[in-house]
Number of protein chains: 2
Amino acid sequence: MDLNDRKFKILEAIINDYIQTAEPIGSRTIAKKYDLGVSSATIRNDMSDLEELGLIVQPHTSAGRIPSDRGYRLYVDKMMQSRELTQEEADLLHDVVENNVGQIDYLMQQTAKAIAALTNYTIVVTEPKSPKLNIRHVQLVPIDSVSAAAVIVTENKAVKNYVIRVQQMPETDKLNLISDAMNKAIKSYSLRDMESIAGTMLQSFPEEKELVTKLLKAILTAVRQNDNVQFYTSGVDNILGFPEFSNVEKAKNVFRALEKKDMLITLFDKDGSHDDDVRIMIGGENNMKELQDCSIVRADYHYGNDSYGTIGVIGPTRMNYSQTVSVLNAIIKNLDNVIKTLSKGDNKNEDSGG
Amino acid sequence: MDLNDRKFKILEAIINDYIQTAEPIGSRTIAKKYDLGVSSATIRNDMSDLEELGLIVQPHTSAGRIPSDRGYRLYVDKMMQSRELTQEEADLLHDVVENNVGQIDYLMQQTAKAIAALTNYTIVVTEPKSPKLNIRHVQLVPIDSVSAAAVIVTENKAVKNYVIRVQQMPETDKLNLISDAMNKAIKSYSLRDMESIAGTMLQSFPEEKELVTKLLKAILTAVRQNDNVQFYTSGVDNILGFPEFSNVEKAKNVFRALEKKDMLITLFDKDGSHDDDVRIMIGGENNMKELQDCSIVRADYHYGNDSYGTIGVIGPTRMNYSQTVSVLNAIIKNLDNVIKTLSKGDNKNEDSGG
DNA sequence: GTTAGCACTCATTCGGTGTGAGTGCTAACC
DNA sequence: GGTTAGCACTCACACCGAATGAGTGCTAAC
């Protein structure tokens, strides 16, 4: 069974209507509201076909049809029209980026807030991180007689600190010596060759085995770094505005999902295909059981050469994909532009790295 | 009109019953369920008096009575029995602290989670901060040719970093020199005397005016530090389990409140009376309009000598105050103990500071 | 292939009727 | 004076049946 033009139009009508009203829509309504030039009976036959194809479903006999996940998928892939932002929307997105530039964490929080205000969905933003990290600089900073902070500047200019505790922490001068040696060792060998680094370091500072070992561990953690990605949400209360979540259990699921930081982050990472496009997961297409009734639209923004963060929009499957995609495209563009102007301090390190 | 013993008992019965069932309770039910030795008619008269005193209210004629905010206040202040934790509860609270010691942020997240699981309320935890801060150590760490991280270890051993950007960032050796000088300057003068510090530094490094100024600014920010307190929540979905929040607007209010980080933090700080007790705000006693239907039980945990963070439990005014207070007392005790053993590295700095 | 007509389904709304938990008041009782 | 029994009254809520109406599938005619 193929989809002729009319059937496409009927599917589109159903989806557009349902996105707006959240109510099942019937053949007679379509006939009246959309001028397809055929009677409701004809539409009825077509709808029956669409249902057979799994593109729409009936919540119960004697109700109209609503789109299925597959229906949305077809719509998103083949039929969706891109929507121009209004001037106000564009201005808001532009201003929020311009006004908060320079403080990446605050910028991302405000960005999340702006998108939430614009779309009325729930926004999740992860801070920038990099898939393959190198270390720019390491510095031990004394805290007290038994602890010091290992401050690690990563390739993508994130600054991390890890507290190291040993029996007896050396004085500041010694810490500086160790830091210098470690920086040299990292430059000489690749990070892949942690054994050589460890060997050199332990040879130079045999009396500080514990400290050196823990410092190396901290560096490894910073490089792997999948553990503790910062993570902002905004507009979580918007969920409760949608009739599909008036069922408390369904709403609870979404809130539970928002607390499962780890799972959300891997969900965002999932397919690894970091093309520049906005990507869409509809209903069951994501594998968090708490989010089966939601769609997720997500996009990566870039921060420096290699690192990126993700902005995710979570809403009902009946979400306004077209608007959401436009908004995300716009904000990504703004962010990428502004961040590009920030990273001009990079010219000096071009020769030393790998 | 005074409150005789029987009226106290009746009020207590109403409150205990309502905490459990969330249903208005009438005179006949009290007479049957609680053995007060008087008839329902007598209880009826007493309840009328309690209502006149504003301790209980009727949601509508021909319904039973429910406690008012003032009723809960009286209960909490004068009548509440402290409740022993069960062995399981105590164990859970003990284990969560023991198993996550050493990573303060993760520890606090897990603590929030444990309390949420135990109480079924929503938990908010702020990271440790100090009202009057001193600086332990400052270190500039290079990032690229125009930027460096100012890593600042505060009195309470928090490690903060602030990215500084200047026209041309000096090499690592120079950064170390500046860092050393700054550490000496801070030790020589009190932080109150920022002008002397600034004077000394600018005299030593007249060519790095921009960098030094920005570094001083970063130090000031770290000291003030009221800006960006980290903040964890757990169990937000629990809110939806309570019948008082089945009204979507009321539930939304709570979620909105949880996004207003700043207001929540000042709410927690509010009365500044840092006695060791658990403190309770009932209904309208807090001044966030979004939380008028909630009660908040909060307690400070201590981290180092002077700094502290707050654990807040948010639930319906009909919350189990007794259990909540017990749980908070227990977790505070565990945290304080464990954190005390962590801060034994402090003996060395005793002589140098003010 | 399209349409009109028809029988049928079923969620939802609406009015009416009990039911029961609750109250306040009064008069009698100890 | 405090306590109690009794009674009339209120009112949220649950339940029931009928009416409504949006929707369907099927069939026969165009």
Side-chain angles (χ1 to χ4, degrees), chain A residues 1-11 13-15 17-18 20-68 71 243-244 246-247, chain B residues 1-11 13-15 17-18 20-68 71 243-244 246-247:
Chain A
M1 189 178 335
D2 64 335
L3 283 184
N4 59 27
D5 197 46
R6 194 179 59 214
K7 282 179 190 166
F8 266 115
K9 277 195 179 136
I10 291 174
L11 179 58
I14 293 174
I15 291 179
D17 215 79
Y18 190 68
Q20 277 193 9
T21 65
E23 306 256 298
I25 177 170
S27 53
R28 228 173 90 84
T29 315
I30 295 181
K32 269 191 290 184
K33 215 160 152 184
Y34 302 83
D35 197 20
L36 298 181
V38 291
S39 79
S40 67
T42 309
I43 295 175
R44 208 141 55 229
N45 292 331
D46 285 352
M47 283 169 81
S48 182
D49 293 351
L50 288 172
E51 183 161 21
E52 219 171 300
L53 289 169
L55 298 172
I56 55 180
V57 290
Q58 247 178 313
H60 54 261
T61 2
S62 89
R65 308 295 214 296
I66 63 177
S68 68
E244 34 270 89
S246 61
N247 177 330
Chain B
M1 189 178 339
D2 64 333
L3 283 183
N4 59 27
D5 197 46
R6 193 179 60 216
K7 283 178 188 164
F8 267 114
K9 277 193 180 135
I10 292 174
L11 179 58
I14 293 174
I15 291 178
D17 215 79
Y18 190 67
Q20 277 193 10
T21 66
E23 306 257 297
I25 176 170
S27 52
R28 230 173 88 83
T29 316
I30 295 180
K32 270 191 289 185
K33 215 160 154 184
Y34 302 83
D35 196 19
L36 297 181
V38 292
S39 78
S40 68
T42 309
I43 295 175
R44 208 139 57 227
N45 291 330
D46 285 352
M47 283 171 81
S48 181
D49 292 351
L50 288 172
E51 181 161 23
E52 219 171 298
L53 289 169
L55 298 172
I56 55 179
V57 291
Q58 247 177 312
H60 54 261
T61 1
S62 91
R65 308 295 214 295
I66 64 176
S68 67
E244 34 270 88
S246 61
N247 177 330

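In this text the structure is predicted, and so the values were computed from the model without any measurement. In what follows, every chain begins at residue 1, and chains take the letters A, B, ... in the order their sequences are listed.
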Novice: Using the side-chain heavy atoms of B/Ser62, tell me which of these nucleotides is nearest: C/dT9, D/dT4, D/dC11.
Specialist: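 Minimum distance to the B/Ser62 side chain belongs to D/dC11.
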Novice: State, with a plain yes or no, whether a side-chain heavy atom of A/Val57 is found less than 4.5 Å away from one of A/Ile66.
Specialist: yes
Novice: NZ of B/Lys33 versus P of C/dA21: gap in Å, rounded?
Specialist: 13 Å
Novice: In this structure, how many angstroms lie between the C1' atom of D/dG2 and the CG atom of B/Asn45, rounded?
Specialist: 9 Å
Novice: Is A/Lys7 close to A/Leu53 at the side-chain level, that is, under 4.5 Å between some pair of heavy atoms?
Specialist: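 They are not in contact (no side-chain heavy atoms under 4.5 Å apart), so the answer is no.
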Novice: For the backbone of B/Gly54 and the side chain of B/Ser68, can you confirm whether one donor and one acceptor N or O come within less than 3.5 Å of each other?
Specialist: yes
Novice: Going by purine N1 to pyrimidine N3 plus the second Watson-Crick contact, or the G-U wobble pair, all under 3.5 Å, which nucleotide sits opposite C/dT19?
Specialist: D/dA12
Novice: State which of D/dT3, D/dT4, C/dG22 makes the closest approach to the side chain of B/Arg6.
Specialist: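 Shortest atom-to-atom distance from the side chain points to D/dT3.
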Novice: Using a 4.0 Å heavy-atom cut-off, does B/Arg65 contact any base of the nucleic acid, only the sugar-phosphate backbone, or nothing at all?
Specialist: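 Sugar-phosphate, backbone atoms only, no base.
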Novice: Can you check the B/Leu50 CG to C/dG24 P distance for me, whole Å?
Specialist: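 From B/Leu50 CG to C/dG24 P: 12 Å.
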Novice: Applying the salt bridge (charged side-chain N to carboxylate O under 4.0 Å, His left out) criterion to A/Arg65, which one of A/Glu23, A/Glu52, A/Glu51 satisfies it?
Specialist: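 Exactly one pass, corresponding to A/Glu51.
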Novice: What nucleic acid atoms does B/Thr42 come within less than 4.0 Å of, heavy atoms only: base, sugar-phosphate, or nothing?
Specialist: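 Base, at least one base heavy atom under 4.0 Å.
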Novice: How many whole angstroms separate atom CD1 of B/Ile66 from atom C1' of C/dG22?
Specialist: 14 Å
Novice: Reading DNA chain D from 5' onward, which residue's closest nucleotide shows up sooner: B/Arg44 or A/Ala63?
Specialist: B/Arg44
Novice: State, with a plain yes or no, whether a side-chain heavy atom of A/Ile14 is found less than 4.5 Å away from one of A/Met47.
Specialist: yes
Novice: What's the CD1-P distance between B/Ile30 and C/dA21, to the nearest Å?
Specialist: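 After rounding, the reported distance stands at 15 Å.
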Novice: Choosing from D/dC11, C/dT9, D/dT4, which nucleotide comes nearest the side chain of B/Ala41?
Specialist: D/dT4
Novice: For the side chain of A/Ser48, counting heavy atoms from C-beta on, which of D/dT10, D/dT24, D/dG25 is nearest?
Specialist: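 Minimum distance to the A/Ser48 side chain belongs to D/dG25.
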Novice: Separation of A/Ile10 atom CD1 from C/dT2 atom P, in whole Å?
Specialist: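 Between P of C/dT2 and CD1 of A/Ile10: 10 Å.
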Novice: Over how many whole Å does the gap from B/Ile43 atom CD1 to D/dG2 atom P extend?
Specialist: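 Value for this atom pair: 17 Å.
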Novice: Given C/dT23, is OP1 or OP2 found less than 4.0 Å from the side-chain N or O atoms of B/Ser27?
Specialist: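 For B/Ser27, the contact criterion (side-chain N or O under 4.0 Å from OP1 or OP2 of C/dT23) is met.
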Novice: Using whole Å, what does the distance between atom P of nucleotide D/dG1 and atom CG of B/Asn4 come to?
Specialist: 16 Å
Novice: Is there a donor and acceptor pair closer than 3.5 Å between the side chain of A/Ser39 and the base of C/dT3?
Specialist: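 Between C/dT3 and A/Ser39, which were checked side chain against base, a qualifying N/O pair under 3.5 Å is absent.
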Novice: Within the 4.0 Å heavy-atom criterion, would you say A/Thr29 contacts the bases, only the backbone, or no part of the nucleic acid?
Specialist: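 Sugar-phosphate, backbone atoms only, no base.
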Novice: My understanding is that a pair needs two contacts under 3.5 Å, Watson-Crick or G-U wobble. By that rule, which nucleotide pairs with D/dC26?
Specialist: C/dG5
